[in-house]
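Have a look at the structure below before the remarks.
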2 protein chains.
Amino acid sequence: MSTESGTEAGTPGPTRRERNRAATIAEIKEIGLQRMHESGTTDVRFAEIAREMGMTAPGLYRYFASREELLTALIVDAFDDLGTAVADAREAQPEGDLWGRLLATSAAYRDWARREPQQFSLIFGMPVPGYRAPDEGPTTEAAKRAMGQLQTTFIEAARLGKLVPPLLDGVDEAFVKGINEAHKFDHLMPDAWDGDRTEVAEALTPATMQAMLMFWAALHGFVTLHAYGHLEWLGEAAQEALFRSTVEQGARCAGLPTAP
Amino acid sequence: MSTESGTEAGTPGPTRRERNRAATIAEIKEIGLQRMHESGTTDVRFAEIAREMGMTAPGLYRYFASREELLTALIVDAFDDLGTAVADAREAQPEGDLWGRLLATSAAYRDWARREPQQFSLIFGMPVPGYRAPDEGPTTEAAKRAMGQLQTTFIEAARLGKLVPPLLDGVDEAFVKGINEAHKFDHLMPDAWDGDRTEVAEALTPATMQAMLMFWAALHGFVTLHAYGHLEWLGEAAQEALFRSTVEQGARCAGLPTAP
DNA sequence: GTAACCTTGTTACGATGCTTAACGAAACTC
DNA sequence: GAGTTTCGTTAAGCATCGTAACAAGGTTAC
């Protein structure tokens, strides 16, 4: 560690060893994911991974201190996967097309969950005791990042003047208080939004915040049921129709435009 | 088995042995559940249960052929638990109070999930391969029973003439087709409804069916996030307000009354 | 009452998995 | 080329699942 030979000359890149190590770590995670995919569970067996890599199980402990640590790494990766999948889908739509972006974002959320039910389960399933430890935990972090992508669309709508008050009977006092008291509110800010945060707070009234959460919950509910096959009796086409209706109704209730 | 001594006289009750056996099975399941509760996971360890019962692990195989079979039994029990919890809450409200019943039903769903996250996870979490085997699987069965409780309220509303068309932009053709082609539709009928099924089909138009599913999905989404702690940053009161708004908006969109 | 049988639970065993400790080999640094 | 770090191995301890063989009790039949 003290003798890093990469930082001296014009080669700030990682050492050969570091590259090998990174590659091995990546391979471990990849095979672990692949095994999860094949077994259909979120289990991870060191022995199995090692076998598949042509190694012995204890060797893996050079890279992960325990099975739990590998799982944590996989969870963190899942965050990134979901985040980028949703963000990419959103940015693939024209900038002003709020409805298109909302729909694309939601669809990406749904498709990722269906494509990677294990990773989805890692993030949004029952929290495994021990993963909340590091600083507020990656669990809530995932929720915030997913929320952040949604929020980006809402903020964009507000900036374009296309955000109308949501269809709510009024916001409960307790909700406003809860929102304001949540100092973790800052974490909710999406990275894309570097502007003045008070402006954001103004753009997103408590009512809109609530509507946004309700939109997210509704979307998440459909996605969960969809990804785990609880809606399969409907058939693919009907599920697609139900999804579209869910997003449409959610947008309408939240005060977002529902058509280009 | 061939020598059942309980069926002859006025004692059709189970044999002493059968009672003992049933009690042991109940104890195993109870301790298993208790251990799940304490560990915070859906794991079940035979050795641990046996130890806690003052037995040795192989003894449990007299009652459950494998760990999987115990898990399956626990899943089935979870169905009943959730079903009765929701039904009881519903029937505790006055018969004509549709809004009260809907709210009570939804709250029972939420509270059960929060109180028993492990059982909730067993039912609605990622399906474990192997549990879908027995006759369409208990997984979809759970969804249907939960749906059934909701549907009962919708049917009651229809019979009382208090069900108006839902706020939908029209129902997709694919959805109608999917609903009609789902012959498992029959299973969706709640036990409480013994009347003519065609009447039910008339009362619940495809649009209402879709609205009902959307209501359920929205509720399920909130409940999932709530039960797994993803909304804890809001605080209890705000979560309560959000829940109430979710049910209210869902009812309004579905064409159900939102006030007594 | 006694003999046969069934039920239940035990110990013994083998396979698999996680994890640590001790060791050897290769790579990298100087 | 010598010393250090990294990597991966073998050996071993411990826990688990699940099977097999066996012992002890209750139950049934005669």
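Given the structure is predicted, the values throughout are model-derived calculations rather than measurements. Chain letters run A, B, ... following the sequence lines, proteins first and then strands; every chain starts at 1. Reckoned from all heavy atoms, side chains included, excluding hydrogens, waters and symmetry mates.
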Among residues at least two apart in sequence or on other chains, which ones pass ring-ring contact (aromatic ring centres under 6.0 Å, His included) with [X]?
{"X": "Phe175(B)", "value": "none"}
{"X": "Tyr63(A)", "value": "none"}
{"X": "Phe243(B)", "value": "Phe222(B)"}

How close or far is atom [atom2] of [N] from atom [atom1] of [X], stated in whole angstroms?
{"X": "Phe64(B)", "N": "dC17(D)", "atom1": "CZ", "atom2": "P", "value": "14 Å"}
{"X": "Arg51(A)", "N": "dC18(C)", "atom1": "CZ", "atom2": "P", "value": "9 Å"}
{"X": "Ile49(A)", "N": "dG17(C)", "atom1": "CD1", "atom2": "P", "value": "12 Å"}
{"X": "Phe46(B)", "N": "dA15(C)", "atom1": "CZ", "atom2": "P", "value": "22 Å"}
{"X": "Arg19(A)", "N": "dC28(C)", "atom1": "CZ", "atom2": "C1'", "value": "14 Å"}
{"X": "Tyr61(A)", "N": "dA22(C)", "atom1": "OH", "atom2": "P", "value": "17 Å"}
{"X": "Glu18(B)", "N": "dC6(C)", "atom1": "CD", "atom2": "C1'", "value": "13 Å"}
{"X": "Arg21(A)", "N": "dA27(C)", "atom1": "CZ", "atom2": "P", "value": "17 Å"}

With sequence neighbours excluded, tell me which residues meet side-chain hydrogen bond (donor to acceptor under 3.5 Å, both in side chains) with [X].
{"X": "Asp77(B)", "result": "Lys29(B)"}
{"X": "Thr105(A)", "result": "none"}
{"X": "Ser39(A)", "result": "Thr41(A)"}

Check: Where along residues 33-45 of chain A does a heavy atom fall under 4.0 Å from DNA chain C?
Finding: Val44(A), Arg45(A)
Checklist line | Per Arg67(B) side chain, nearest of listed nucleotides dC17(D), dA26(C), dT19(C) | finding: dC17(D)
Notebook entry, point to check: Does Arg114(A) have any salt bridge (charged side-chain N to carboxylate O under 4.0 Å, His left out) partners at least two apart in sequence or in another chain, and if so, which?
Noted result: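 Glu232(A), Glu236(A).
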Check: Taking only residues two or more places apart in sequence or in another chain, which ones pass salt bridge (charged side-chain N to carboxylate O under 4.0 Å, His left out) with Glu240(A)?
Finding: Arg110(A)
Next item on the list: Could you tell me whether the side chain of Leu74(A) reaches within less than 4.5 Å of the side chain of Leu33(A), counting heavy atoms only?
Entry: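 The answer is yes; the side chains approach within 4.5 Å.
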Checklist line | ring pair (Phe, Tyr, Trp, His ring centres under 6.0 Å) pairs, two or more places apart, involving residues 26-56 of chain B | finding: Phe46(B)-Tyr61(B)
Please tabulate, one pair per line, each protein N/O and nucleotide N/O from nucleotides 8-10 of chain D that are separated by under 3.5 Å, including the distance.
residue: dG8(D); atom: OP2; partner: Tyr63(A); partner atom: OH; Å: 2.3
residue: dG8(D); atom: N7; partner: Arg62(A); partner atom: NE; Å: 2.9
residue: dG8(D); atom: O6; partner: Arg62(A); partner atom: NH2; Å: 2.1
residue: dT9(D); atom: OP1; partner: Thr56(A); partner atom: N; Å: 3.4
residue: dT9(D); atom: OP2; partner: Thr56(A); partner atom: N; Å: 2.8
residue: dT9(D); atom: OP2; partner: Thr56(A); partner atom: OG1; Å: 2.4
residue: dT9(D); atom: O5'; partner: Thr56(A); partner atom: OG1; Å: 3.4

Margin query: I'd like to know if Arg17(A) reaches the base of dT5(D) with its side chain such that a donor and an acceptor end up less than 3.5 angstrom apart.
Written below: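 Answer yes: a donor N or O sits under 3.5 Å from an acceptor.
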Margin query: Salt bridge or not between Glu48(A) and Arg51(A)? Use side-chain N to carboxylate O under 4.0 Å.
Written below: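 Arg51(A) and Glu48(A): not salt-bridged.
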Next item on the list: By nearest nucleotide on DNA chain C, pick out whichever of Ala47(A) and Asn20(B) is the more 5' one.
Entry: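 The 5'-side residue here is Asn20(B).
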Check: How sharply is the helix from dG1(C)-dC30(D) to dC30(C)-dG1(D) bent, taking the axes over five pairs at either end and rounding to 10 degrees?
Finding: 10°
